[in-house]
Visitor: 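Here you go, one structure.
In what follows, chains carry the letters A, B, and so on, assigned in the order in which the sequence lines appear, proteins first and then strands, with residues in each chain numbered from 1. Values in this document were obtained by computation on a predicted structure and should not be read as measured data.
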Protein chains: 2
Amino acid sequence: MDLRIDVHSPEPSYLQLAARLRAAIESGEIGPRQPLPSLSRLVQETGLAGNTVRHAISVLTEEGLVYTVRGRGTFATPRQA
Amino acid sequence: MDLRIDVHSPEPSYLQLAARLRAAIESGEIGPRQPLPSLSRLVQETGLAGNTVRHAISVLTEEGLVYTVRGRGTFATPRQA
DNA sequence: ATGCATTTGTTCGTATGTATG
DNA sequence: GCATACATACGAACAAATGCA
């Protein structure tokens, strides 16, 4: 999963990250009920701040692509059959 | 060991706490392989949140001044002879 | 072996302040 | 003013290792 963010892009960082995570889910790289990388890991790999990473995840949550369990992690929503 | 934090200081709380613990180690108040106060104790004595105390300890860990054993505690690194 | 308390580890939630464009 | 982004800080849930009774 390539999570590199182009900080010089006109596209906001959090949207770039959301797009990459969305692609990983829609391609099946992250299957149903599979965890996304943790926030701290995303912070490490992207170089973004925690709140910015949260912002990206909140986008996917609003889209219904992921759900979060506090203390556990964030997971790909199982697509309804 | 005076662990009082000045919340009105421009210096971040976690750096203030790290500085105090560092001073305790370098002065020998906490000798080699001696334990630091536990996290919950530091939380009590400083009034800071757990994650903030962790942040302070992570600074000292990166500096090599302390090491942590899960379930046991955090200890002053023995200085190589 | 069981159970409990203590301790650290990891995770997400939320809020505030600052800076930039 | 607003959106973006970072840093700091507090709060909370869940997990795992240790030690002791």
Side-chain angles (χ1 to χ4, degrees), chain A residues 1 3-22 24-25 30 33-78, chain B residues 1 3-22 24-25 30 33-78:
Chain A
M1 186 168 11
L3 295 175
R4 284 173 302 182
I5 303 297
D6 177 6
V7 292
H8 299 105
S9 166
E11 188 182 17
S13 301
Y14 77 94
L15 288 181
Q16 288 182 54
L17 175 55
R20 276 159 188 67
L21 293 172
R22 189 185 303 112
I25 291 168
I30 299 177
R33 304 181 197 278
Q34 292 273 300
L36 275 63
S38 72
L39 188 142
S40 62
R41 187 146 182 78
L42 291 173
V43 166
Q44 285 174 3
E45 297 199 4
T46 61
L48 301 177
N51 280 353
T52 303
V53 173
R54 278 185 210 294
H55 197 170
I57 292 177
S58 77
V59 169
L60 301 179
T61 300
E62 287 168 13
E63 291 174 356
L65 280 177
V66 304
Y67 63 97
T68 294
V69 182
R70 201 215 279 223
R72 296 288 305 283
T74 298
F75 307 86
T77 304
Chain B
M1 186 168 12
L3 295 175
R4 284 172 303 182
I5 303 297
D6 176 6
V7 292
H8 299 105
S9 166
E11 188 182 18
S13 301
Y14 76 95
L15 289 181
Q16 288 182 54
L17 175 55
R20 276 158 187 67
L21 293 172
R22 190 185 302 112
I25 292 169
I30 300 177
R33 304 181 197 278
Q34 291 273 300
L36 273 63
S38 74
L39 188 142
S40 63
R41 189 144 181 77
L42 290 173
V43 166
Q44 284 175 4
E45 296 198 6
T46 61
L48 301 177
N51 280 349
T52 303
V53 172
R54 279 187 206 291
H55 198 169
I57 293 178
S58 76
V59 169
L60 302 179
T61 300
E62 287 168 14
E63 291 174 355
L65 280 177
V66 303
Y67 63 96
T68 293
V69 181
R70 186 162 165 183
R72 296 285 306 283
T74 299
F75 308 85
T77 303

Visitor: Please tell me which of G50(B) and A49(A) maps to the more 5' nucleotide of DNA chain D, matching each residue to the nucleotide holding its nearest heavy atom.
Guide: A49(A)
Visitor: Below 4.5 Å, heavy atoms only, C-beta onward: do V59(A) and R22(A) meet side chain to side chain?
Guide: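 Contact flag for V59(A)/R22(A) side chains = yes.
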Visitor: Choosing from dG11(D), dC10(D), dT18(D), which nucleotide comes nearest the side chain of N51(B)?
Guide: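 The nucleotide sitting nearest to the side chain is dG11(D).
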Visitor: Considering only NZ, NE, NH1 and NH2 on the basic side and carboxylate oxygens on the acidic side, decide whether R4(A) and E45(A) come within less than 4.0 Å.
Guide: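 Judged by the 4.0 Å cut-off on N to carboxylate O distance, R4(A) and E45(A) do not form a salt bridge.
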Visitor: Taking the side chain of P12(B) as heavy atoms from C-beta outward, which of dC6(D), dA16(D), dT8(D) is closest to it?
Guide: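 Closest nucleotide among those given: dT8(D).
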Visitor: Only pairs with both distances under 3.5 Å count, Watson-Crick or wobble alike; so what is the partner of dA19(C) in this structure?
Guide: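 For dA19(C), the partner nucleotide comes out as dT4(D), under the 3.5 Å rule.
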Visitor: May I ask you to evaluate whether Y14(A) reaches the phosphate of dT4(D), defined as a side-chain N or O under 4.0 Å from OP1 or OP2?
Guide: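 Result: yes.
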Visitor: Counting only side-chain nitrogens and oxygens, does S38(A) get under 4.0 Å of the OP1 or OP2 atom of dT10(C)?
Guide: no
Visitor: Select one nucleotide: of dT7(C), dC10(D), dC12(C), the one nearest the side-chain heavy atoms of T68(A).
Guide: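 Taking heavy atoms from C-beta onward, the closest nucleotide is dC12(C).
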Visitor: Does any donor-acceptor pair link the side chain of R54(B) with the base of dG9(C) at a separation under 3.5 Å?
Guide: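 Side chain to base: pair present.
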Visitor: Expressed as a whole number of angstroms, how long is the span from Y67(B):OH to dT8(C):P?
Guide: 13 Å
Visitor: On the nucleotide dT8(C), are OP1 or OP2 found under 4.0 Å from the side-chain N or O atoms that R72(B) carries?
Guide: no
Visitor: Could you check how far CG of L60(B) sits from P of dT8(C), rounded to whole Å?
Guide: 13 Å
Visitor: Take atom CG of L48(B) and atom P of dA15(C), then tell me their distance rounded to the nearest Å.
Guide: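 Checked: the CG to P distance equals 21 Å.
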Visitor: Of the nucleotides dC6(D), dT4(D), dA9(D), which has the atom closest to the H55(A) side chain?
Guide: dT4(D)
Visitor: Between R70(B) (CZ) and dA17(D) (C1'), how many Å, whole number?
Guide: 6 Å
Visitor: With side-chain contact (heavy atoms from CB on, under 4.5 Å) as the test, would you mind laying out the steps for I30(B) and M1(B) before giving the verdict?
Guide: CA-CA 9 Å; I30(B) 300 177; M1(B) 186 168 12; 4.1 Å; yes
Visitor: Mind calculating the distance between CG (L36(A)) and C1' (dT10(C)) to the nearest angstrom?
Guide: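 The distance from CG of L36(A) to C1' of dT10(C) comes to 16 Å, rounded to the nearest Å.
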Visitor: If you look at every strand shown and take non-hydrogen atoms under 4.0 Å, does I57(A) touch a base, only sugar-phosphate, or nothing?
Guide: nothing
Visitor: Send over the distance from L15(A) CG to dT4(D) P, rounded to a whole Å.
Guide: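 In whole Å, dT4(D) P lies 7 Å from L15(A) CG.
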Visitor: Taking all non-hydrogen atoms of both residues into account, name the closest pair between E11(B) and Q16(B) and its distance.
Guide: O-NE2, 2.8 Å
Visitor: Given atom CD1 of I5(B) and atom P of dT8(D), what is their separation to the nearest angstrom?
Guide: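 Whole-Å distance recorded here is 14 Å.
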Visitor: Hey, does the side chain of T52(B) reach the backbone of L48(B) with a donor-acceptor pair shorter than 3.5 angstrom?
Guide: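 Not at all, since once roles are kept as given, no pair shorter than 3.5 Å links the two residues.
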Visitor: Please report the distance, rounded to the nearest Å, between CG in L42(B) and P in dC10(D).
Guide: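 Value for this atom pair: 13 Å.
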Visitor: With DNA chain C as reference, determine whether T74(A) or S40(B) sits nearer its 5' end, using the nearest nucleotide of each.
Guide: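 Upstream on the strand: S40(B).
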